Number of protein chains: 2
Amino acid sequence: MAVTILDIAKHLDLSVSTVSRALNGYGDVAKETRKRVEEAAKEFDYHPSDAARSLRQKRTNRVGLLIPSTIHYMGEFFSELIRGVTLALAESGSNLMLYTTTTDEVAQLTRICRAREVDGIILFSADKLDEAISFLKTESLPFVVLGHSINDPAVSFVASDNRGGMMAAMQHLLSSGHSRIAYLARYDQPRLHSQRLLSYQQALTEAGLEIDGDLVTSASIGTRTGYRAMNSLLDLPVLPTAVIAFNDQIAINALQAASERHVSVPDDLSIVGYNDIRSSLSTVPQLTTVRQPLSEMGKKAAEVLLSRVHDNDIPPIRTNLPAELIIRGSTSHV
Amino acid sequence: MAVTILDIAKHLDLSVSTVSRALNGYGDVAKETRKRVEEAAKEFDYHPSDAARSLRQKRTNRVGLLIPSTIHYMGEFFSELIRGVTLALAESGSNLMLYTTTTDEVAQLTRICRAREVDGIILFSADKLDEAISFLKTESLPFVVLGHSINDPAVSFVASDNRGGMMAAMQHLLSSGHSRIAYLARYDQPRLHSQRLLSYQQALTEAGLEIDGDLVTSASIGTRTGYRAMNSLLDLPVLPTAVIAFNDQIAINALQAASERHVSVPDDLSIVGYNDIRSSLSTVPQLTTVRQPLSEMGKKAAEVLLSRVHDNDIPPIRTNLPAELIIRGSTSHV
DNA sequence: TTGAAAGCGATACCAA
DNA sequence: TTGGTATCGCTTTCAA
């Protein structure tokens, strides 16, 4: 058996309550006593039982991160997010529980809430987000949505400025003389997609250009997401001169498709990615992309959540971090 | 307050013990009673308190995964590993705690063990692995090492066949007529590196070739790992005709460096990666690489751990999954 | 087949 | 400044 507070108490001929108070830094403990307790604790490598403490205190010092089960298609994107989350948690001494969504997301959330497995939850899953949110609103478990702007003013979220990011990309291309600009979307991400699509259309309209439905198409989820869709764009009777991809991985695969068909980037075709994952520096040419501060978003989300764990009555914190266009070699003037 | 077992008991005019036994599927409960209990539990969305249950049962239904804090440099590699881990855990109803290493890894492990935060731990951290292992051997917490073959026969691990994988890559290149083969290593991964180096040297020796120290160099960790190192190889007075990279990300950056210097791959230079992450399909040309079954490794590691959690007296399970050479476009005959 | 009660290992209140 | 004790919510003997 592991060493318990009772072992320490017996060894020092003290009561468990005194030991507990000494260890938890209460003021009403004799200096000398505290010292003895601390030394004994260190000597025995005593750490309080997580379960016992959680039960008594009604807090677990754990927060949950719910991610889609398709994580393996999200590679770097996910790694960078999680990096930020763990950074913020480490500072506060909290631990991270990683949940991947199951088929019944609400049932899963119900269990997590009712079993009090965590103090709060970061919702990064995209499937059934509305359902998940409306369920969590009925529970008392603090939560924050990561990666999506939520309309409901009662819900905290940390996202990035999607409309602005897409607009920046469009204006970059338009001001470089492009008029036939394709958008390689991801219809299975309807929330993000619809925002980006709006900016795409708005930018075209403001520039006095027509909107050509052929130029908007969707990459499917998968290992080489965007490869086939790019090829179909390259089959159009009148080719686009620029493509904005929904994310960097799609852009990278689009680059590959173009290269295989001897379409030169950026001379014949400009390509813009989204997110600025590390790999966007590893292509030839390097990707022009809209930087989403993934790690910062993860960090901020954890911080927001922790502040709600501390006091769930504070007003919702709703943050759109700025997205920034990073111009590199994959785009050029027409 | 959340609903407890007492609420159910009161509502049905039963004792908590009966309710508990009914819910846990004990045989000695009247059929009718069990039905009533189950219905009430469903009606109230009752789930037992995780903390209370853990405290009483001395198991948490949680397993830990300890990963390096440099996760953000591991992008896809990590995502694929974790995918396998979560798959296996989901099947068993266990949850995942994700720990990133702190400066004092042993102190961190001490806390995890003594606070009984998890039922077992998957060690994926590479820094101080020996220290971590020898500490965990003194504790009763089940553990398994992921990604490294451990010599100590008492330690369970799940890795892949490093020697064989590197040997396959070398033989592929040698049989394609290459004799000036560089190895773009990662010295900060000494365990994996030394195994690969051995195979590298052995293959050269068996082929009757000399070992040229200039051809072995190290990529540093970072955003564009391998880029500078590849450039330095391209500065050698006599160029290599082939390069084996420590991982795919390095290979991808090597490809970029070669491309920028107008060294054609595979015509002037063959490049071999390692791991077969999804991005190895997204380059031009696609990467020849040694496939490490990352997701399977994660899954197997979780399974091995769970079997030890169930019974820690079973003999150590030591697994090297096969590594397989995947020949694609980045290598060719001299 | 059911209920009463002990106990898991802490924290926190109240008295001394 | 310290100790005794109730309590958190469950599981699990032991009796009834």
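In this text the structure is predicted, and so the values were computed from the model without any measurement. Residue numbers start from 1 in every chain, and the chains themselves are labelled A, B, ... in the order their sequence lines are given, proteins ahead of strands.
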> Between B:Phe77 and B:Phe124, how do the two ring planes meet: parallel, tilted or perpendicular, split at 30° and 60°?
Replying inline: parallel
> Can you find a pair of side-chain heavy atoms, one from B:Val37 and one from B:Val29, that are under 4.5 Å apart?
Replying inline: no
> Just how far, in rounded Å, is P of C:dA10 from CG of A:Asn61?
Replying inline: 15 Å
>> Rounding to an integer number of Å, can you tell me how far B:Asp28 CG sits from D:dT13 C1'?
In response: 12 Å
>> Nearest whole Å is fine: how far is D:dC10 C1' from B:Lys58 NZ?
In response: 13 Å
>> Within the 4.5 Å heavy-atom criterion, are A:Phe157 and A:Asn320 side-chain neighbours or not?
In response: yes
> To the nearest Å, how far apart are A:Arg56 CZ and D:dT5 P?
Replying inline: 16 Å
>> What I'd like to find out is whether the side chain of B:Val155 reaches to under 4.5 Å of the side chain of B:Phe143, using heavy atoms alone.
In response: yes
> For the pair made of NZ in A:Lys10 and P in C:dA10, what is the distance, rounded to whole Å?
Replying inline: 13 Å
>> For C:dT11 and A:Ser20 - does any side-chain N or O of the residue sit under 4.0 Å from the phosphate oxygens OP1/OP2?
In response: yes
> When the nearest nucleotide of DNA chain D is assigned to A:Val16 and to B:His47 on a heavy-atom basis, which residue is associated with the more 5' position?
Replying inline: A:Val16
> What nucleic acid atoms does B:Thr33 come within less than 4.0 Å of, heavy atoms only: base, sugar-phosphate, or nothing?
Replying inline: sugar-phosphate
> Would you call B:Ile150 and B:Leu129 a side-chain contact if the rule is heavy atoms closer than 4.5 Å?
Replying inline: yes
> Can you check whether A:Thr18 has a side-chain N or O nearer than 4.0 Å to OP1 or OP2 of D:dG3?
Replying inline: yes
> Rounded to whole angstroms, how far apart are CG on A:Asp7 and C1' on C:dG9?
Replying inline: 11 Å
>> What contact category does A:Ser49 fall into here, base, sugar-phosphate, or nothing, at under 4.0 angstrom with non-hydrogen atoms?
In response: sugar-phosphate
>> Check this one for me: any side-chain N or O of A:Tyr26 less than 4.0 Å away from OP1 or OP2 of C:dA12?
In response: yes
>> When you measure only distances, ignoring hydrogens and angles, does the side chain of A:Ser15 come within 3.5 Å of the base of D:dG4 through a donor and an acceptor?
In response: no
>> I want to check one thing: is the phosphate of C:dG9, taken as OP1 and OP2, less than 4.0 Å away from some side-chain N or O of A:Tyr46?
In response: no
>> With hydrogens left out and only the distance checked, is there a donor-acceptor pair under 3.5 Å joining A:Thr4's side chain and the base of C:dG9?
In response: no
> Which one, D:dG3, C:dC8, D:dC10, comes nearest to the side chain of B:Leu55?
Replying inline: C:dC8
> Whole-Å distance between C:dT11 P and A:Asp50 CG?
Replying inline: 11 Å
>> Regarding C:dG3, can its base be found pairing with the side chain of B:Arg21 as donor and acceptor, where the two atoms are less than 3.5 Å apart?
In response: yes
>> Return whichever of B:Arg34 or B:Arg114 has its heavy-atom-nearest nucleotide of DNA chain C closer to the 5' end.
In response: B:Arg34
> Expressed in angstrom and rounded to an integer, what is the separation of B:Leu12 atom CG from C:dT2 atom P?
Replying inline: 12 Å
